[in-house]
Participant: 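Here it is, the structure in full.
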Amino acid sequence: MSDVETSVENTVETQHGCPVVDSHGQRVLLVSREQYVSVVKSLADEGFDMCIDLTGVDYLEMPNRVLPHGVIAERFEVVVNLLSMSRRERIRLRVQIPADDAVLPTLFDLHPGTEAHERETFDMFGIVFTGHPDPTRILMPEDWDGHPLRKDYDQGSIPVQFKGAHS
């Protein structure tokens, strides 16, 4: 990989200026929000031209999880999986998203297939993708209050009734 370097100071491998970790044999880049679109463009130029998945994660109960030096853990994370068919490789990007500013630029212009993924991530986690062509809910009704996959979302309950069962 052309711009993979090793920092002597921290001995942390980087790619496109982002820390790299290994997860079960897959390269994972920890990308800042500011680098997000430019890193995805650079990876597309290197052959990672298919976005196969984009989703959110709520780390509400894990604020002190371990991340590489210099990466600040935030409540939310957007995870993007890219595929290079020509290189037969996958690469994962992880972007930290603060709870009080849950916003990230859309990848729609680079990867139109992310349209539904970004809408679902907004719908379930409340992460807004700026520049998205249709930032409406995709799973929940438009008037739904809240984002069901957030860890602090009140689950509520629906009483179960069995047909023919005596009360």
Side-chain angles (χ1 to χ4, degrees), residues 16 18-19 21 23-24 26-44 48-68 70-85 90-167:
H16 299 290
C18 305
V21 295
S23 177
H24 304 285
Q26 184 179 27
R27 293 180 70 77
V28 180
L29 274 62
L30 288 107
V31 181
S32 71
R33 289 195 296 177
E34 297 74 26
Q35 297 168 304
Y36 180 57
V37 173
S38 65
V39 168
V40 174
K41 282 181 186 177
S42 295
L43 289 169
F48 290 94
D49 49 4
M50 183 182 298
C51 180
I52 56 174
D53 188 27
L54 181 151
T55 192
V57 180
D58 184 352
Y59 283 108
L60 177 66
E61 298 169 2
M62 296 177 66
N64 298 319
R65 66 191 180 281
V66 177
L67 292 171
V71 178
I72 299 169
E74 297 288 355
R75 174 176 174 179
F76 297 108
E77 188 173 89
V78 168
V79 180
V80 178
N81 288 292
L82 301 174
L83 176 66
S84 171
M85 295 292 283
R90 293 176 186 248
I91 195 164
R92 183 181 320 146
L93 309 179
R94 293 173 53 192
V95 185
Q96 301 301 303
I97 309 292
D100 61 350
D101 187 23
V103 176
L104 192 64
T106 185
L107 291 181
F108 180 80
D109 292 337
L110 291 167
H111 297 288
T114 61
E115 190 267 343
H117 294 290
E118 290 177 346
R119 287 178 64 194
E120 182 177 317
T121 302
F122 162 71
D123 203 1
M124 296 291 105
F125 295 96
I127 298 170
V128 175
F129 292 88
T130 57
H132 192 281
D134 183 14
T136 57
R137 289 190 179 269
I138 192 169
L139 300 172
M140 306 303 290
E142 278 298 317
D143 60 348
W144 192 267
D145 187 29
H147 304 281
L149 290 183
R150 285 188 172 198
K151 300 284 186 191
D152 56 359
Y153 183 79
D154 184 20
Q155 295 295 315
S157 65
I158 299 172
V160 177
Q161 297 178 357
F162 296 97
K163 185 177 181 179
H166 301 285
S167 321

Participant: Show the nearest heavy-atom pair for residues L107 and Y36, with the distance to one decimal.
Facilitator: CD1-OH, 3.0 Å
Participant: Evaluate the side-chain proximity of F129 to V78: yes if any heavy-atom separation is below 4.5 Å, no if none is.
Facilitator: yes
Participant: Hey, which of T55, I52, D53 is the one that makes side-chain contact (heavy atoms from CB on, under 4.5 Å) with H117?
Facilitator: D53
Participant: At what distance, to the nearest 0.5 angstrom, does CD of E74 lie from CG of D58?
Facilitator: 12.0 Å
Participant: Hey, what do you get for CZ (F48) to CD1 (I91), rounding to the nearest 0.5 Å?
Facilitator: 5.0 Å
Participant: Can you tell if the side chain of T130 reaches within under 4.5 Å of the side chain of P105, non-hydrogen atoms only?
Facilitator: yes
Participant: Got a second to check how far D152's CG is from E61's CD, nearest 0.5 Å?
Facilitator: 9.5 Å
Participant: Search all heavy atoms of P98 against all heavy atoms of Q96 and return the closest pair with its distance.
Facilitator: CD-O, 4.1 Å
Participant: Taking the side chain as everything from C-beta on, heavy atoms only, tell me whether H16 gets closer than 4.5 Å to Q35.
Facilitator: no
Participant: Distance from T114 atom OG1 to D109 atom CG, nearest 0.5 Å?
Facilitator: 9.0 Å
Participant: Find the distance between CE (M62) and NZ (K151) and round it off to the nearest 0.5 Å.
Facilitator: 9.0 Å
Participant: About how many Å separate CG of L82 and CG of L110, when rounded to the nearest 0.5 Å?
Facilitator: 10.0 Å
Participant: Per the salt bridge (charged side-chain N to carboxylate O under 4.0 Å, His left out) rule, what does the pair list look like for residues 117-136, sequence neighbours excluded?
Facilitator: E115-R119, R119-D134, D123-R137
Participant: Of V31, L104, L54, which is the lone residue that meets side-chain contact (heavy atoms from CB on, under 4.5 Å) with V80?
Facilitator: L54
Participant: Does H147 have any ring pair (Phe, Tyr, Trp, His ring centres under 6.0 Å) partners at least two apart in sequence or in another chain, and if so, which?
Facilitator: F122
Participant: Identify the heavy atoms of P68 and L30 that sit nearest to each other, and give their distance.
Facilitator: CG-CD1, 3.7 Å
Participant: Write out all pairs satisfying salt bridge (charged side-chain N to carboxylate O under 4.0 Å, His left out) with one or both partners inside residues 93-102, taking only residues at least two apart or from two chains.
Facilitator: R33-D101, E77-R94
